[in-house]
2 protein chains.
Amino acid sequence: MYSKELLKGTLRTVVMELLARNEKMYGYEITQKVKELTNGKIVITEGALYPLLHKLEADGLVSIEKVAIGKRIRKYYSLTDNGSSTAQQLVEEFADFVATMKLIIDPPAQPGYGTAIV
Amino acid sequence: MYSKELLKGTLRTVVMELLARNEKMYGYEITQKVKELTNGKIVITEGALYPLLHKLEADGLVSIEKVAIGKRIRKYYSLTDNGSSTAQQLVEEFADFVATMKLIIDPPAQPGYGTAIV
DNA sequence: AAATATACATAAGTTTTTTATGTATTGGTG
DNA sequence: CACCAATACATAAAAAACTTATGTATATTT
C-alpha cells in the first residue's frame, strides 16, 4: 500500500470507473474491490470515500438505492447518464495524462545534426 | 493545459526528473521546459514551483548555485546524490502506480468456467 | 464471549496546489 | 524611446483533497 501521493488526483477516476464496470456498488464494496484488484497497493480510506460519494450524488453523477440487509442499511450507488459520460472522460483524461507524463520521463529523441529528416 | 487534477501528486516527480536529465536548471527554465515538452498540456505555476524548490533544498535533495545575469540573480538547482536516488524512486513509483491503475481501468480477464488453465 | 469484519458517517488537521500579488530587470517593437 | 511582453524571483491567503481519528451499530467467526 504505497501509492499514496499519486492517488491524490485519481480517487474520483478510480471510483467512477468501478461504478462504470459494475452497475451498482456500495461503499464498503468499493474499498474491498480496489484492494482486491490492486493486490493491496491502492487502499481507499473511508474518510476519503464517503465524502466523495456524497459529492458525486450532490453533483448528479450517481444515484442511490438503499437496501436493508438485516437491520443494516446498505447504500448502493450507480452512475447516472451524466455520470457515465463523466467516468469515460476521466479515464480518457488519465490516459492522456500518462502519455503526457511520458513526454517528460521518456522524452522523444531530438533530431540532431547527424540525423537529417528526409 | 488541462491536466490539473491529475498533476497534483506528480509535481515533485516532474521537477526532479527534469533535474535528473539536465544537470542544472533554474526555476523559470523548468516551467518553460515542461510547457515545451508537453506541448502546453502541463503548466507549472510559480506559486507551486518555488515553494517546492525551497523545500527540496531544505530536504537536501537539491543544491543551489547563484549566478548573476546582468543585474538579475538566477538560481540554478542541481540534484544532490540523495536527490538523484529520490528522483529515480519517484519515477519508478509513478510507473508502478500507472501499472496499478491499469489493473482497475483495464482489469485482466477473470478465468471463467470455460477457460481452464492447464 | 470476544474479536474481527461489515457498513455507514463526520470532523479536525495536514499537505498540496491555485490564485493573487509583489518586485525588478531585460528585450523587442511601433 | 516609451511601452509591453518576457524573464526571474518570491510569498501569502484561500481552496481542494486527503489522512487520521473517532463514533456508532450490526453481523460473523473463533
Side-chain angles (χ1 to χ4, degrees), chain A residues 1-16 18 24-36 40-59 61-62 64-77 90 93-94 97, chain B residues 1-16 18 24-36 40-59 61-62 64-77 90 93-94 97:
Chain A
M1 190 226 347
Y2 56 96
S3 298
K4 269 200 182 150
E5 306 269 277
L6 285 316
L7 188 61
K8 296 238 163 162
T10 52
L11 182 62
R12 182 185 242 85
T13 305
V14 166
V15 170
M16 294 198 78
L18 273 187
K24 58 159 79 170
M25 294 182 89
Y26 55 99
Y28 187 75
E29 188 185 10
I30 292 174
T31 65
Q32 300 308 303
K33 194 73 184 176
V34 168
K35 238 189 264 176
E36 180 200 321
K41 283 187 177 177
I42 295 181
V43 175
I44 298 182
T45 59
E46 293 166 300
L49 179 63
Y50 289 115
L52 171 61
L53 287 172
H54 299 160
K55 187 163 194 314
L56 293 179
E57 196 205 353
D59 293 347
L61 300 175
V62 299
I64 293 190
E65 184 195 348
K66 290 180 190 177
V67 175
I69 304 292
K71 285 186 182 177
R72 263 203 302 237
I73 288 174
R74 190 184 277 174
K75 285 191 179 178
Y76 278 99
Y77 292 86
L90 287 176
E93 262 177 49
F94 181 74
F97 176 68
Chain B
M1 190 228 343
Y2 57 97
S3 298
K4 271 201 181 148
E5 307 268 277
L6 283 317
L7 188 60
K8 297 236 160 166
T10 52
L11 182 62
R12 181 184 244 86
T13 305
V14 166
V15 169
M16 295 198 78
L18 273 185
K24 58 158 78 170
M25 296 183 87
Y26 54 99
Y28 187 75
E29 188 185 10
I30 292 174
T31 65
Q32 300 307 302
K33 194 73 184 174
V34 168
K35 237 189 263 176
E36 182 200 322
K41 283 188 178 177
I42 294 181
V43 175
I44 296 182
T45 60
E46 292 167 300
L49 180 64
Y50 289 115
L52 172 61
L53 287 173
H54 299 160
K55 187 163 195 313
L56 292 179
E57 196 205 352
D59 292 346
L61 300 175
V62 300
I64 293 190
E65 185 194 348
K66 290 180 190 178
V67 174
I69 304 293
K71 287 186 182 176
R72 263 202 300 237
I73 288 175
R74 191 185 276 175
K75 286 190 178 177
Y76 279 98
Y77 292 87
L90 287 176
E93 262 178 49
F94 180 75
F97 176 69

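As the structure is a computational prediction, the values presented were derived from the model and not from experiment. The chains referred to below are lettered A, B, ... by the order of the sequence lines, with proteins before strands, and numbering in each begins at 1.
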Closest contact, heavy atoms only, [X] versus [Y]:
| X | Y | answer |
| --- | --- | --- |
| A:Ile42 | B:Phe97 | CD1-CE1, 4.0 Å |
| A:Leu6 | A:Thr10 | O-OG1, 3.8 Å |
| A:Leu53 | A:Gly27 | CD1-CA, 4.1 Å |
| B:Ile44 | B:Thr31 | O-CG2, 3.8 Å |
| B:Tyr28 | B:Tyr50 | N-OH, 3.8 Å |

Compare side-chain N and O positions of [X] against OP1 and OP2 of [N] and report whether any pair is under 4.0 Å apart.
| X | N | value |
| --- | --- | --- |
| A:His54 | C:dT10 | yes |
| A:Tyr50 | C:dC8 | yes |
| A:Lys75 | C:dA9 | yes |
| A:Tyr26 | C:dC8 | no |

Just the atom pairs and distances: protein N or O near nucleotides 19-21 of chain C's N or O, under 3.5 Å.
none

What integer distance in Å separates [X]:[atom1] from [N]:[atom2]?
| X | N | atom1 | atom2 | value |
| --- | --- | --- | --- | --- |
| B:Tyr28 | C:dG27 | OH | P | 13 Å |
| A:Tyr77 | C:dA7 | OH | P | 14 Å |
| B:Leu56 | C:dT16 | CG | P | 11 Å |

Subject >> side-chain contact (heavy atoms from CB on, under 4.5 Å) against B:Ile64, all qualifying residues, sequence neighbours excluded >> reply: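 By the side-chain contact (heavy atoms from CB on, under 4.5 Å) rule, B:Ile64 matches B:Glu57, B:Lys66, B:Lys75, B:Tyr77.
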
**OP:** Describe the nucleic acid contact of B:Leu11 in one word from base, sugar-phosphate, nothing, applying a heavy-atom distance below 4.0 Å.
**Re:**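 Here B:Leu11 touches the backbone only, sparing every base.
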
What N/O pairs connect the protein and nucleotides 27-30 of chain D at under 3.5 Å? Give each pair on its own line.
from   : atom 1 : to      : atom 2 : distance (Å)
D:dA27 : OP1    : A:Lys71 : N      : 2.9

**OP:** Select from A:Pro51 and A:Arg74 the residue whose nearest nucleotide in DNA chain C is closer to the 5' end of that strand.
**Re:**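 Upstream on the strand: A:Arg74.
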
